[in-house]
Amino acid sequence: MQIPQRLHAAGGAAGKLAARASVEGQSALSLLRAGAFGLEPPQRLVRALQAFRAYGPAGAALAVACQRQPQATAIIDDAGSVSFTELDRQASLLAGALADRGLTAGDGLGLMCRNHRGMFIALFAAAKLGSRTVLLNTDFAGPQLADVCQREGIRLLVHDQEFSAAAEACVPELGTVLSWLDEPSATGDSIDSLVASSRPRPLPRPARTQQLVLLTSGTTGTPKGAAREFGMSLAIPGGYLSKIGLRANRRVYIAVPVFHAWGLLSSVIALALADTLVLARRAEPAAVAATLAEQQCDALITVPILLARLLTALEADRRSLPSLRVVAVSGSALPAQLAVRTRKQLGDVLHNLYGSTEVAYASIATPADLAAAPGCVGRPPLGTTVRLLDPDGNPVPAGQTGRVFVGNSIQFAGYTGGGSKEQVAGLMSTGDLGHFDSEGRLFIDGRDDDMIVSGGENVFPGEIEDLLAGHAGIVEAAVVAVDDPDFGHRLRAFVVRAEQSALDVDAVRDYVRAHLARYKVPRDVVFLAELPRNPAGKVIKRELPRD
């Protein structure tokens, strides 16, 4: 993209309305190409708009799919399959049961679930009630869960049985409901038992639409709640589908936690297309490879670390995936070497979405982008603006590093506990540093608070991590700063060796020295069996040893 010489506001109300109308029109075309609608009867379009206005995007996605493909399979999970009509029926029955408990519009409902139908039944039930729905990280320990539940005002908690010990630390006013049973004899209410005992009845339109609260990854501290209100707009699915070519009536494997923004966004858009979601409570690489082949999945939504392990599993089994047309990753940095490897094994199928919980998506690299520049995160999708600014808020030219600021219609309105992200002229900071190449493709250079100053030189860990990930004897690597009495800070690399690799400390240093400047060579190299990661695949650097 071409960087303007100075920031300025849009030319008045008329200009803003024209720009909005253009985005909505182009978004409608993206949805049309994806097969979200065709020559629809007028009453069907009216009902779709009414569902969106009443229930928000999640509830509307199910309503639209039920209209178009009522008996088609909505979800295939570890328990079998369920149709759109049955999914809607169970969500309505659960909503009635929760309403009988006292859950009303605007009340906080917490979901702590792995990927399975129970997560979606509860999500859609919350939409039917207009509840404030908080998606909780399945890695939370009891104290952290209790803190988040108190901060977010959760009145009822829905969780898988395996998280019962953590849930004991949280005592919501309306109790708890089990969403997945590991032991059929488990006591207490479950989604299945409430659905079985609830009486069918029409539910009144909620007094407000569902508010979704997503939590930041918490890789650098306590997770923050990012609430979103959704207006009547096609910009969210339109921007996504303008770059990532999901198509209607296909099978889409969601191999990323649905409580994560990336998993939720992709799931809701796929359901709106009447796609079948293929889910597994635990996405083991060999099992994912087998399921992709058996179910003839058209698309895979995942994270870079699982993609790398999937490619290894495919190599080991000598398995191909001819039906796989789209692979889309997000959640953490995509190493350039992994992009090259994916193209070699699977063809031109890979997409890389860059964004954050706060700004949603910022840019999306298409297969063509990644073929030309494997380390990039692509260009802004429809309806999104990305600008790189210097510390004084001025745009930087192509090739120079600046702070990444994003503008779109789907940014969050602020953290639920107070505060927000820095904004300049209506654009929101992602907290990252990046640069554009001459073709307008964006590259992320690191966090703006992640730069390491060692011996007076500025170093971005991502450059070294990407280099190390490209070594044949290294599976993955992370680089951090540790205190040093002489240099202020020095670099420490944590390396996971490939199986059978005899790589030692000197070999790692020599490899970096051969490719990068001397001051970027880690003085410390520590070998680990694996890097600590959260469920979305992002490395938790604060858990790496600094002593």
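Annotation for Gln150: atom CD does not count as buried by contact number, only 12 or fewer foreign heavy atoms lying within 6.0 Å.
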Test log, rule side-chain contact (heavy atoms from CB on, under 4.5 Å), inputs Ile301 and Trp262: CA-CA 8 Å; Ile301 308 299; Trp262 172 228; 3.5 Å; yes
Working for side-chain contact (heavy atoms from CB on, under 4.5 Å), residues Leu265 and Ile236: CA-CA 9 Å; Leu265 174 67; Ile236 299 174; 3.6 Å; yes
Test side-chain contact (heavy atoms from CB on, under 4.5 Å) applied to Tyr253 and Gln295, step by step: CA-CA 9 Å; Tyr253 197 131; Gln295 297 295 339; over 6 Å; no
Worked check of side-chain contact (heavy atoms from CB on, under 4.5 Å) between Arg281 and Asp160: CA-CA 10 Å; Arg281 295 182 64 245; Asp160 291 357; 3.9 Å; yes
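Note: Arg132 CZ to Glu152 CD = 5.0 Å, rounded to the nearest 0.5 Å. Annotation: the span from Thr73 atom OG1 to Arg251 atom CZ amounts to 6.0 Å, rounded to 0.5 Å. Interatomic distance, Lys541 NZ to Arg533 CZ, rounded to the nearest 0.5 Å: 10.5 Å. Summarising the geometry, atom CD belonging to Glu543 is positioned 11.0 Å from atom CG belonging to Leu531; distances are rounded to the nearest 0.5 Å.
Sorted by first then second residue, the salt bridge (charged side-chain N to carboxylate O under 4.0 Å, His left out) pairs that include residues 138-148, not counting sequence neighbours, number zero. For residues 263-279, every residue pair satisfying the side-chain hydrogen bond (donor to acceptor under 3.5 Å, both in side chains) rule, not counting sequence neighbours, is listed here: Tyr240-Ser266.
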Could you give the side-chain donor-acceptor pairs of residues 92-110 under 3.5 Å, partners two or more places apart or in another chain?
residue: Ser92; atom: OG; partner: Asp88; partner atom: O; Å: 3.1
residue: Ser92; atom: OG; partner: Lys128; partner atom: NZ; Å: 3.2
residue: Asp100; atom: OD1; partner: Arg201; partner atom: NH2; Å: 2.8
residue: Asp100; atom: OD2; partner: Arg201; partner atom: NH2; Å: 3.3
residue: Arg101; atom: NH1; partner: Leu174; partner atom: O; Å: 2.8
residue: Arg101; atom: NH2; partner: Asp189; partner atom: OD2; Å: 2.3
residue: Thr104; atom: OG1; partner: Asp107; partner atom: OD2; Å: 2.9
residue: Asp107; atom: OD2; partner: Thr104; partner atom: N; Å: 2.8
residue: Asp107; atom: OD2; partner: Arg155; partner atom: NH1; Å: 2.6

Going by atom type alone, with no hydrogens or angles, which donor-acceptor pairs under 3.5 Å involve a side-chain atom of residues 56-68 and a protein atom two or more places apart or on another chain?
residue: Arg68; atom: NE; partner: Glu40; partner atom: OE2; Å: 3.4
residue: Arg68; atom: NH1; partner: Gly35; partner atom: O; Å: 2.7
residue: Arg68; atom: NH1; partner: Ala36; partner atom: O; Å: 2.6

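The two residues Leu135 and Val258 come nearest to each other via the heavy atoms CD1-O, 4.0 Å. Smallest separation of non-hydrogen atoms from Ala498 and Val475: CA-CG2, 3.5 Å. Taking every heavy atom of both residues into account, His260 and Gly331 meet most closely at CE1-CA, 4.2 Å. When all heavy atoms of Ala34 and Leu273 are compared, the pair lying nearest together is CB-CD2, 3.9 Å. The two residues Asp182 and Pro184 come nearest to each other via the heavy atoms O-CD, 4.0 Å. Thr187 approaches Leu178 most closely through the heavy-atom pair O-CD1, 3.9 Å.
Counting only heavy atoms from C-beta outward, the side chains of Leu334 and Tyr354 never approach each other to under 4.5 Å. Contact check for Leu123 versus Leu212: side-chain heavy atoms found under the 4.5 Å cut-off. At a threshold of 4.5 Å between non-hydrogen side-chain atoms, the residues Leu136 and Ile154 count as touching. Contact annotation: the side chain of Ser332 never approaches that of Val539 to less than 4.5 Å [non-hydrogen atoms, C-beta and beyond]. Side-chain contact between Ile191 and Val177 is present, with heavy atoms from C-beta onward closer than 4.5 Å. Proximity of Thr138 to Glu162: side-chain heavy atoms (C-beta onward) are nowhere separated by under 4.5 Å. Annotation: side chain of Ile121 is in contact with side chain of Leu87 (closest heavy-atom distance under 4.5 Å). Inter-residue side-chain proximity for Val326 and Arg250 is flagged as unmet; no heavy-atom pair is nearer than 4.5 Å.
Partners of Phe259 by ring-ring contact (aromatic ring centres under 6.0 Å, His included), not counting sequence neighbours: none found. When the salt bridge (charged side-chain N to carboxylate O under 4.0 Å, His left out) test is applied to Arg325, the partners found at least two apart in sequence or on another chain are Asp298. Shown here are the ring-ring contact (aromatic ring centres under 6.0 Å, His included) partners of Trp180, two or more places apart in sequence or in another chain: His116. For Arg89, the salt bridge (charged side-chain N to carboxylate O under 4.0 Å, His left out) partners are Glu86, not counting sequence neighbours. Judged as a salt bridge (charged side-chain N to carboxylate O under 4.0 Å, His left out), and not counting sequence neighbours, the contacts of Asp77 are Arg117. Under the side-chain hydrogen bond (donor to acceptor under 3.5 Å, both in side chains) criterion, Thr291 pairs with no residue, sequence neighbours left out. Under the side-chain hydrogen bond (donor to acceptor under 3.5 Å, both in side chains) criterion, Thr366 pairs with Asp369, not counting sequence neighbours. Legend: residues meeting ring-ring contact (aromatic ring centres under 6.0 Å, His included) with His351, ordered by chain and number and at least two apart, are absent.
Side-chain N or O atoms of Tyr55 include none that pairs as donor or acceptor with a backbone N or O of Arg205 at under 3.5 Å. Side chain of Ser81 to main chain of Ile76: no donor-acceptor pair is present (N/O by atom type, distance under 3.5 Å, no hydrogens or angles). Under the 3.5 Å distance criterion, the side-chain polar atoms of Thr384 are left unmatched by any main-chain donor or acceptor of Asn408. Under the 3.5 Å distance criterion, the side-chain polar atoms of Asn352 are left unmatched by any main-chain donor or acceptor of Leu370. Using modelled atom types, one side-chain atom of Ser179 and one backbone atom of His159 make a donor-acceptor pair closer than 3.5 Å. Between the side chain of Gln296 and the backbone N or O of Ser323, no donor-acceptor pair lies under 3.5 Å. Side chain of Arg33 to backbone of Leu241: no donor-acceptor contact under 3.5 angstrom is found. At distances below 3.5 Å, at least one donor-acceptor pair connects side-chain atoms of Glu24 with backbone N or O atoms of Leu234. A donor-acceptor pair is defined here as one N or O able to donate and one able to accept, closer than 3.5 Å; no such pair exists between the side chain of Ser242 and the backbone of Ser30. The backbone N or O of Asn249 sits nowhere less than 3.5 Å from a side-chain atom of Gln69 that would complete a donor-acceptor pair.
When each of Leu346, Leu306, Ile254, Leu310 is checked for a side chain to side chain contact (heavy atoms under 4.5 Å, CB included) with Leu300, only Leu310 meets the rule.
Between Glu358 and Lys224 there is no salt bridge, since no side-chain N of the basic residue sits under 4.0 Å from a carboxylate O of the acidic one.
Side chain to side chain, Arg341 and Gln337 fail the donor-acceptor criterion of an N or O pair below 3.5 Å.
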